[in-house]
Q: 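Quick one: the structure is below, and I'll ask about it shortly.
Predicted model, so just to flag it, every value in this text is computed and none were measured. Proteins get letters first, then strands, A, B, ... in listed order; numbering begins at 1 in each.
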Amino acid sequence: MNTPSFGLDDFLPVLPAAILTAGAILLLVSEVFLGSATRTYQALLAVVTSVAAGALAFSNAFLPAHAVLQGYAVLDPFSSFTTVVVCLGTGLGALLGAGFLKHRNAERGEFYALLLFAAAGMSLLAMSAEFITLFVNLEVLSVSTYALTAYLRRGPRPSEAGFKYFILGAFAAALLLYGAALLYGATGTTHLSEMAAGLGAAAKAQPALVACGFFLVGAGFAFKVAAVPFHMWTPDVYEGAPTPVTAVMSAGVKAAAFVALVRVFLFLGPVFDPEVVFVIFSALAAATMVVGNLLAIPQRNVKRMLAYSSVAHAGYLLSGVAALFAPATVAPKSGVLSASATWGADSALRGEALKGLLFYLLAYTVTSLGSFGVVGALERREDETKGNAWDLDRFSGLAQRRPFQAAAMAVFLLSLGGIPPTVGFMAKLLVFRAAVDAGLVGLAVLGVLSSAAGVYYYLRVVVYMYMRPAVEGMQTPERQWTTEFALAASALAVVGLGLLPGSVSDWLSRAGLIFGQ
Amino acid sequence: MSAELVLFWVFAAAIVASAGGVIIARNAIASAMSLVACFFFLAGIYVLLWAHTIAALQVLVYAGAIMVLFLFVIMLLSLTESGPVAQLSPSRILGAVGTAGLLAALVGALLRLPKTLPTWVSDTAQVQRFGTIKEVGQVMYTQWLFPFEAVSLLLLVAIVGAVVVAKPRI
């Protein structure tokens, strides 16, 4: 019997997740022994916990990439950076949730506890290097988000959203697990690195089995990141969930799922068939960008419009993923074209694509949290069961009624549209530059064109806020300092990172960003 | 034909028959009981594969706990026998075609399996120890410690989530 031995080094990477879990348990216990009626301290406790976890993950990010915990997890700057982004999103989401729940008299420790549990799941998912660990951590984050989606059950919409998310999420998880089981059957291991070593031989012996496993795993991830044609659940779930939860879902859940997808396919894709992987991700990216933007155009419901826009942003991210697997020979940097195409981008291009992806995740996290935060701040409790709670008319004349919120929303919408000097522009620039350098000019052009279409529906909201008179009888939303603080911080980050992206993007350019590359 | 093979065919035929019973029975209770029988025979297959722990868990968890929940729900809903008789409708025909296609694909895939299946473990004695409770416990608490701990987090989250969703008012 081989007794495992763990050192301090093994626990360092899971420490952020452990802090988040401890904070969640503390919040659950605080709910039991609670005396006072005001519970703003719970949101602050959640913020402090995520800041502590994020700081620790930040210090981990400077360690070289290596496998830990018997190879079930890897500590690399890639996963640590994701944890920082996730903690940032969770902290901002908790602040947005404080005002939102207070207005609805629904502040409970369980809400913040589930947020922190979800963040712990995301952090662990980002570092999983083995299929069973990956699946369990994906479920930790999914189960917490299912419960958060159904947290406020007023009117039919939240129940529908929670149930739909649960059923479709379970279906996606089953697909992923089925695919992983087939790949295990083909190679006899669930560790990604060992699987990559054995997959080449297995693909020759049993091509159908390996291909089925690959497609099922890919479909499972495509569900989680809401890529077209697996995006059907997104608008209903995003609309029905409490708005701060929608914000966290669109930022953190998507970031963690993307990181896990990149990790799995970077290990297995090149061994299996880089050409097939490349074609599939390019097709997914093109379809997701175009369909997401087209479906967002006719929406008058701003929350639903932002849901479709999050589908479109998944498409921009997927074009970055496609650049990871682009054929190396057509890349301009690779020199003379050889007759036989070698598939799989070279390491410089791959580094550029990874940099673009991670920067985009950070940019989208601050932007999306901010925009959903303003939507949530404008919502009125009485209107929740009505159909027009998020109608464009709610934004008319916001610039006169709440100049700060209108200005912040304008900044977020410009960033979503990819207009300088916001962070959304820099992020799109990095991702599309990686795509162009990898030879995916067509995909990059499609991305730019579809984001130009996106500018229309983002700017429409700005027009309503600044150029339309307020509708009579529309009540001005109450001010909550927690919400305003979160909005101010996000807006500062959006503009600051847009003007000075250098520090982050330089750091992301370092070598050895991801384990095993 | 070895005794093992005979047992396999007995269990396999019983599984198919009881699984058919689940969808053919008009009485919901009879359908649920067929499912119990199906789970039991499946446990027999697990024993033949040297997976004693999974066989025991199959009987305890599926045939025991989960089926009791099924029966509770059926009795709470007080389903009667007079359900609608299956009628041909476009969606049913589509479903039948889809099922037949899936069956054909699975049979095709099975027929194309190589005659000699890959063996990753050559040591027969190790294969026979593999599924015992002792072996599973040892592997789970040493080699698979991290995923095991992650599962404990998952269970905690599931309990908290279930309580939050089931609370009458928030």
Q: Hey, do the aromatic rings of Y184(A) and F131(A) have their centres closer than 6.0 Å?
A: no
Q: Side chain, backbone, both or neither: which part of L156(B) has a non-hydrogen atom closer than 4.5 Å to chain A?
A: side chain
Q: Kindly indicate whether the side chain of T149(A), heavy atoms from C-beta on, has any atom under 4.5 Å from the side chain of M249(A).
A: yes
Q: Taking CZ in F11(A) as the centre, count heavy atoms belonging to other residues, nucleotides or ligands within less than 6.0 Å. Is the count above 12?
A: yes
Q: Can you pull out the residues in residues 64-72 of chain B with any heavy atom less than 4.5 Å from chain A?
A: none
Q: Is there side-chain contact between V14(A) and F146(B), with heavy atoms separated by less than 4.5 Å?
A: yes
Q: Do V68(A) and V74(A) have side-chain heavy atoms sitting under 4.5 Å apart?
A: no
Q: More than 12 non-hydrogen atoms from neighbouring residues, nucleotides or ligands closer than 6.0 Å to CZ on F166(A), yes or no?
A: no
Q: Going by the rule side-chain hydrogen bond (donor to acceptor under 3.5 Å, both in side chains), which residues pair with E110(A) if we only count those two or more places apart in sequence or in a different chain?
A: K167(B)
Q: For a quick check under 3.5 Å, do Q42(A) and E31(A) share a side-chain donor-acceptor pair by atom type?
A: yes
Q: Report which part of Q70(A) has an atom under 4.5 Å of a heavy atom belonging to chain B: side chain, backbone, both, or neither.
A: side chain
Q: Going by the rule ring pair (Phe, Tyr, Trp, His ring centres under 6.0 Å), which residues pair with H52(B) if we only count those two or more places apart in sequence or in a different chain?
A: none
Q: Heavy-atom cut-off 4.5 Å, strictly under: side chain, backbone, both or neither for T190(A) against chain B?
A: side chain
Q: Which residues in residues 19-29 of chain A have any heavy atom lying under 4.5 Å from a heavy atom of chain B?
A: T21(A), I25(A), L28(A)
Q: For chain A, which candidate among V151(B), L153(B), V160(B) shows the most heavy-atom pairs at distances under 4.5 Å?
A: L153(B)
Q: Hey, are the side chains of I29(B) and M75(B) touching, using non-hydrogen atoms and a 4.5 Å cut-off?
A: yes
Q: Is there a donor in the side chain of E130(A) and an acceptor in the side chain of T133(A), or the other way round, less than 3.5 Å apart?
A: yes
